[in-house]
Number of protein chains: 2
Amino acid sequence: MNKHITLRDIAERMGVSSVTVSKALNDKEGVSDELKERIKQLADEMGYRINKVAKSMKEGLTYNIGVVIPERFTGQTQSFYLKVYQQISMALEPYGYDGILHILSAEDEKLLHLPRIYYDRKVDGFILLGQISKPYIEALEHMEQPKLFLDFYDEHSDIDSVTTDNFYCAYEITNYLVQQGHRKIGYVGNLYSTSSIQDRYLGYYKSLLEHRIPLNDRWIVNDRDEEGTLIDMELPEDMPTAFVCNCDRVAHLLVLKLKSQGYRVPEDCSVVGFDNDVFATLTEPHLTTVEVDTPQMAQTAVHSLLKKISSPEMRFGRVLVQGKIIYRNSVKKAGSTD
Amino acid sequence: MNKHITLRDIAERMGVSSVTVSKALNDKEGVSDELKERIKQLADEMGYRINKVAKSMKEGLTYNIGVVIPERFTGQTQSFYLKVYQQISMALEPYGYDGILHILSAEDEKLLHLPRIYYDRKVDGFILLGQISKPYIEALEHMEQPKLFLDFYDEHSDIDSVTTDNFYCAYEITNYLVQQGHRKIGYVGNLYSTSSIQDRYLGYYKSLLEHRIPLNDRWIVNDRDEEGTLIDMELPEDMPTAFVCNCDRVAHLLVLKLKSQGYRVPEDCSVVGFDNDVFATLTEPHLTTVEVDTPQMAQTAVHSLLKKISSPEMRFGRVLVQGKIIYRNSVKKAGSTD
DNA sequence: CTGAAAGCGCTTACAG
DNA sequence: CTGAAAGCGCTTACAG
C-alpha cells in the first residue's frame, strides 16, 4: 500500500512545519523565496499531489459545479447539449473546477426531485442547461447555491441566464433574404413550443415589419405537436419564395418535402435554417444557417457562475450571445431561376 | 448567511452525541430503532444534508470517477462518446458516484500530461474512453488508481477493458448476408486504422472462411487515410453483390457513391453498416446495421471499475459486450432484383 | 520569516 | 445501546 505523500511528509523531510510548506506551495507570503524554492523542488521530487478534498473541506468549496440537462434533450440525435456540457467542462478547467453532469429524468422532473449532487453538497453551483418545467424551476429556487440558466430563460424567475440571441439572429437572416429580393417569406415552427422557436419567430417578424412586408398567416408552417414531436408539414397553397426555419433539422425535412413536390431548392424556393448542425451539410443544397456560438455561451456561463460563487449577491440578468450567419447554397436571389 | 446544518446541530437538538446521529443516519448498529427513527425525522425536518466532502476526507474516497475522452473523438459529428459518457453518469448515480469528464487535448496527449483531476486527487478511478496513444497509455499506468479502457483495448498493457464484440457482430451480420444468398461480399474500411475496424474485418473474414468463400482483395475498399480522414472511395471494377461497412457513416457515403454510379440499393447491391447511429436512418434505404449496446457497456464499465476501487487486486481482463442486428431495408436476397 | 493551535464535518475504533 | 477521543489533510488566523 503506497501511502499518499502529504504536506506533513514534506515538512518532516525539510525540517520545517507543514504550515510553511502549505504557504510555499500556494505561493503565499511569509516564506523566504529561497525556502519556497527548496520546498517546491522537494515536493516535486517526492511526487506530492494536493489532497483537494482536504482543501475543499477547509474552505467549504467543492470545486465542482453541477450541469443539469433534462433527459428529453439527450435523445438519439439531440447531442447538442452534451456538446455544450463538454465545452463547459473545458471552460472550467483553467479555474481548477470540474463539471458534474446530472441528467434530470422525466420522472424526477415531474416529482420535483432535486439532483442527488445537491443533497450530497457536491457542487458549488448549478448550470441548468435546457428548458425545465415551471414547477421544477420553483423547486430549484430553494437550493441556496448560485445557479444559471443556459440556453433558455424563464420570465417568472429572476435567475440569471445566458442564451443565444435568437431574436437578433433570426432578424438578421431574414434581413438577408429580404436583401436577396425576397418579399414572400414564410416561417417554419410551432410558435407555442419553445421560447427559442418563439423568439426566432419574433426576429423574423421584426425584419418583415422593418421592411413593411405584411405578415401572412398562411406562410407560418407548423412543424411539431405540443409535445415537440415533429409532424408532417403542410406546404401552403400559395407558396412564398423563401422559408426561415427554426432549426436545421426541420429545414432539412422541409427541403425533402419541397423536392418531393417538385420544387427546386433554391431555384424555386430558398430555405434557411438555424443551428449549423449535422443537418446543415447533410441537406442538398447545403443550408445557409445561423451558427450558435456555443463555446462562447459555455465561457460566459462559466465566468458568470464562478463570479456568483465568489460573490453571491452578483446579478447578471439575461445575457445574450451573438451567433453568426453561415452562407451556403440554399438561397437564391428572388426572381432569378438559374 | 444561512449556516449549514451539521450532525452536531442535530445532536444538540436531540441531546445526544454526533456519533449517535451519524450511526442513526447511516443505519449502523448500536442505536435503538426508536432513537434512530426520531433522529431521522428531526434530520429531515431540519433539512439536513450530508457534507460528502467531510465523509470523503475521512474515508479517503472522493465518490467521483474520471472519464477521459481524447479530443479527436468529440468533433462535430462524433458525439458518440459523449453519449456513452452520459450513460456512465447515469450508471454511477445509484452508487452515489459522479463522473467527471476530462477531454484530453491533442497537445496533452502528445506531451504526456496527465489529467488535472489526477493531480488534484479528485477521482477514485478512471475510465479511458476511446483509443489513446501508446505512450500515453504507458504514462497513465503510473497512476495508482484503478482504471479501465472502454471501447478499445491495448495488447501491450494489462489494463482491463470493456468493448463491443466487434468481431462477433461483424461475423453475424456477414452470416446474414450469406444467408440471403450473397457470395460476393466486400468490406469497406481501412484495416490499419483502428482496432475496431480491424476486428470487424476479421469477423467478416471468419464468416467467409466458415462458408468457404474465398477472400477477394479487390473487394476490400479503403475509406480513410492514416489520420482517419475519410477519403473518396473507389468502387471495384468487378462489383460484389453486397458490402459490409465498418460504420454507418461510411455506409451512408457508400450508398451515395453507388447511386451516383447508377447502382440501385439494395436491388443491385446490398449494404450493411455498423453502429446504428443517425446515418443509419438518414440513408435511403435505411440501413441494416449493428446496434452497439452502449448502456450495457457503460453499466459493465461502471460495475467493474467500482469493484476495482473497493478491491484493487480485482482483474476482469477483456470483457466483450454483445450488440444486436437491426434489420432494415438495405439488403436484398442475392439474385432477386425487385 | 516561521510555527503552534484550532477547526472544517464527518466516521472509526474503543471504552463504558 | 451510547459517547469521548482521535484523525482524515489541509488552511487560516494569530503569536512570536
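Numbered from 1 within each chain, the chains take letters A, B, ... in sequence-line order.
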**Study point:** Any A:Tyr48 side-chain nitrogen or oxygen under 4.0 Å from OP1 or OP2 of D:dC10
**Key:** yes
To the nearest angstrom, the CG-C1' distance between B:Leu7 and D:dG3 comes to 14 Å
B:Lys58 atom NZ is separated from D:dA5 atom P, nearest whole Å, by 16 Å
| Does the side chain of B:Thr294 pick up a donor-acceptor pair with the side chain of B:Gln87 at under 3.5 Å? | yes
Here the distance between atom C1' of D:dC10 and atom CD1 of A:Ile10, to the nearest Å, is 12 Å
Per atom distances to the A:Glu59 side chain, the nearest of C:dT11, D:dG3, D:dT12 is D:dT12
Between CG of B:Leu61 and P of C:dC10 the distance, given in whole Å, is 17 Å
Rounded to whole Å, CZ of A:Arg8 lies from C1' of C:dA5 at a distance of 14 Å
Exercise. When all nucleic acid strands are considered with a 4.0 Å heavy-atom cut-off, which category describes B:Lys55: base, sugar-phosphate, or nothing?
Worked result: sugar-phosphate
By nearest-nucleotide position on DNA chain D, the 5'-leaning member of B:Met57 and B:Val19 is B:Val19
*Aromatic ring centroids of A:Tyr85 and B:Tyr85 under 6.0 Å?*
yes
Separation of D:dG9 atom P from A:Met46 atom CE, nearest Å, is 13 Å
Distance col, row A:Asp98:CG vs B:Asn64:CG, nearest 0.5 angstrom, shows 8.0 Å
Rounded to whole Å, the CZ-P distance (B:Arg121 to D:dC8) equals 14 Å
Among the nucleotides C:dG3, C:dT11, C:dG9, whichever has the atom closest to the side chain of B:Ala54 is C:dG9
Tell me yes or no: between the side chains of B:Thr300 and B:Gln296, is some donor less than 3.5 Å from an acceptor? yes
* To do: Answer yes or no: is there a donor N or O on one side and an acceptor on the other, between the side chain of B:Thr62 and the main chain of B:Lys122, under 3.5 Å?
  => yes
Atom CG of A:Asp120 and atom P of C:dC10 are separated, to the nearest Å, by 12 Å
Using distance alone, with no hydrogens and no angle criterion, decide if B:Tyr118 and B:His142 have a side-chain donor and acceptor under 3.5 Å apart.
no
Applying the 3.5 Å cut-off to both distances, the Watson-Crick or G-U partner of C:dA4 turns out to be none
Describe the nucleic acid contact of A:Val53 in one word from base, sugar-phosphate, nothing, applying a heavy-atom distance below 4.0 Å.
nothing
Across every strand shown, the nucleotide meeting Watson-Crick or G-U wobble geometry with C:dA13 (both distances under 3.5 Å) is none
In numerical order, the residues of residues 20-44 of chain A whose heavy atoms come under 4.0 Å of DNA chain C are A:Thr20, A:Lys23, A:Gly30, A:Val31, A:Ser32, A:Leu35
Minimal heavy-atom distance between A:Arg318 and A:Ser161, with the atoms involved, is CG-OG, 3.3 Å
